[in-house]
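In what follows, every heavy atom counts, from backbone to side chain, and hydrogens, waters and symmetry copies are set aside. Here, residue 1 is the first one in the sequence, and each next residue gets the next number.
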Amino acid sequence: MAIRNLMEDIVSAVVDEVLLKEAKDDRETMTYKQDIITYVLNRVPPKYFTSERGILHGKLESQFTFQQRTDILFLAHEALEITKKRRIPEKHTENDRIDVKTNFLPHIIGEILEETTFSIIPDVEVTLLYNDQPAQMIDSSWKNPYITNKATKGYYHFWPEFIDDKMSKNNKILFHLAFKHSKFNEKTIELTTNYMDAYNLYKSQIIPIVLFEKKEGVDITFLYE
């Protein structure tokens, strides 16, 4: 059997998740797929296999750690941002360039699930709030609020901007995450994060799984349709 890199399949699936969301706002993003996959594969360790047994082992192992998945999601978004700027620079401003920034906050990622069955809930509106307002993102390629879907497995993620005249480099910075869905009770949680003087793709801030309570009388069978 020919040698294959299992990460090609894993990265391709994650990139599909990212592009599925982005394509709702910009159909051109689907044309970036191969560029993005190449970018990510050049930055993650390969996992080679040569047998059917190797495929099975790899597929089981591909339920890889949360941090590994986070790294690939982060790299996919970074690749999308870079590709967009290279192909359609007129849509971006100098403020969108990460390489000109000097102050950073960590990338934030979490997961929201139905509380009794731990099922994925599509169409949850997740908003990262700072001082009771949607937090500013590091550039225009990051969405706030973020809308979950089945393809992204209940994950949400943000990369907030460090605001020089409002945030402290020496103290923890307070945010809130607000969750809304027409069939679930609204929920808000508090989180704090710290200033960074450089961004690190491999140090995301992981939010514990959030469990969402359905409204009284709601039939959750729609989650399995």
Side-chain angles (χ1 to χ4, degrees), residues 14 17-18 21 65-78 81 95 98 101-216 218 220 223:
V14 174
E17 295 175 12
V18 171
K21 176 177 72 71
T65 67
F66 192 80
Q67 184 61 51
Q68 286 175 306
R69 178 182 174 82
T70 299
D71 295 342
I72 293 174
L73 271 169
F74 195 101
L75 285 168
H77 274 281
E78 182 181 56
E81 175 195 344
N95 289 332
I98 293 176
K101 299 179 187 297
T102 56
N103 299 318
F104 296 91
L105 295 174
H107 170 245
I108 295 168
I109 188 166
E111 183 179 15
I112 182 164
L113 301 172
E114 194 278 320
E115 69 170 2
T116 60
T117 62
F118 304 105
S119 299
I120 296 165
I121 310 169
D123 302 319
V124 178
E125 180 184 277
V126 187
T127 306
L128 182 67
L129 299 169
Y130 178 70
N131 287 341
D132 298 322
Q133 297 295 322
Q136 182 176 326
M137 295 294 100
I138 196 164
D139 67 34
S140 58
S141 69
W142 293 83
K143 307 301 181 185
N144 187 21
Y146 181 98
I147 307 299
T148 65
N149 59 65
K150 289 188 177 180
T152 55
K153 311 297 183 186
Y155 292 104
Y156 57 87
H157 48 109
F158 302 97
W159 194 3
E161 175 80 276
F162 181 86
I163 310 299
D164 294 325
D165 60 349
K166 295 182 178 179
M167 298 177 178
S168 170
K169 296 181 180 180
N170 301 316
N171 300 313
K172 289 187 177 294
I173 300 163
L174 176 66
F175 289 94
H176 289 86
L177 281 166
F179 302 87
K180 294 183 180 180
H181 190 287
S182 61
K183 297 183 178 180
F184 291 80
N185 294 319
E186 293 185 11
K187 187 167 190 174
T188 301
I189 64 171
E190 181 180 297
L191 69 96
T192 57
T193 191
N194 294 309
Y195 162 81
M196 302 187 302
D197 59 8
Y199 73 94
N200 187 327
L201 301 181
Y202 303 103
K203 287 190 177 179
S204 298
Q205 181 168 343
I206 309 300
I207 306 302
I209 292 175
V210 175
L211 299 179
F212 221 8
E213 179 186 27
K214 70 180 181 65
K215 291 181 178 178
E216 187 175 352
V218 167
I220 62 171
L223 297 178

Are Y156 and Y146, when compared by the centres of their aromatic rings, separated by less than 6.0 Å? no

Identify, with sequence neighbours excluded, every residue that meets side chain to side chain donor-acceptor pair (under 3.5 Å) alongside E115. none

Could you walk me through whether I163 and E161 satisfy the side-chain contact (heavy atoms from CB on, under 4.5 Å) test, starting with their C-alpha distance in whole Å, then the side-chain angles of each, then the deciding distance to 0.1 Å, before giving a yes or no? CA-CA 6 Å; I163 310 299; E161 175 80 276; 3.7 Å; yes

OH on Y195 to CG on L105, rounded to 0.5 Å: 9.5 Å

Flag side-chain contact, heavy atom, 4.5 Å: L75 against V14: no

Keeping K143 on the side-chain end and M137 on the backbone end, is there a donor-acceptor pair under 3.5 Å? no

Excluding sequence neighbours, so at least two apart, what forms side chain to side chain donor-acceptor pair (under 3.5 Å) with T116? E114

Show me the side-chain donor-acceptor pairs of residues 165-179 shorter than 3.5 Å, one per line, residues at least two apart or across chains.
residue: S168; atom: OG; partner: N170; partner atom: N; Å: 3.0
residue: S168; atom: OG; partner: N171; partner atom: N; Å: 3.2
residue: S168; atom: OG; partner: N171; partner atom: ND2; Å: 3.4

As an exercise, state the distance from CZ of F184 to CD1 of I121, rounded to the nearest 0.5 Å. 4.0 Å

About how many Å separate CD1 of I220 and NZ of K183, when rounded to the nearest 0.5 Å? 11.0 Å

Looking at P134, is its backbone amide N or carbonyl O close enough to the side chain of N144 to form a donor-acceptor pair, meaning the two atoms are under 3.5 Å apart? no

If you compare all heavy atoms of P106 against all heavy atoms of P160, which two are closest, and at what distance to 0.1 Å? O-CD, 3.6 Å

Can you check side-chain contact (heavy atoms from CB on, under 4.5 Å) on L113 and I120, steps first, answer last? CA-CA 5 Å; L113 301 172; I120 296 165; 4.2 Å; yes

NE2-NZ distance between H181 and K215, expressed to the nearest 0.5 angstrom: 9.5 Å

Listed partners of D164 passing side chain to side chain contact (heavy atoms under 4.5 Å, CB included), at least two apart: N103, F162

Gap separating the CD atom of E186 from the CZ atom of F212, nearest 0.5 angstrom: 7.5 Å

Are H157 and H77 an aromatic pair by the rule of ring centers under 6.0 Å? yes

S182 meets the side chain to side chain donor-acceptor pair (under 3.5 Å) criterion, sequence neighbours left out, with none

Under the 3.5 angstrom rule, does the side chain of Q136 hit a backbone N or O of Y130 as a donor-acceptor pair? no

Approximate separation, where rounding is to 0.5 Å, of F104 CZ and N194 CG: 15.5 Å

What pairs with E125 under side chain to side chain contact (heavy atoms under 4.5 Å, CB included), at least two apart in sequence or on another chain? T127, P145, I147, K180

Could you check I189 against I207 for side-chain contact (heavy atoms from CB on, under 4.5 Å), going step by step and ending with a plain yes or no? CA-CA 10 Å; I189 64 171; I207 306 302; 4.0 Å; yes

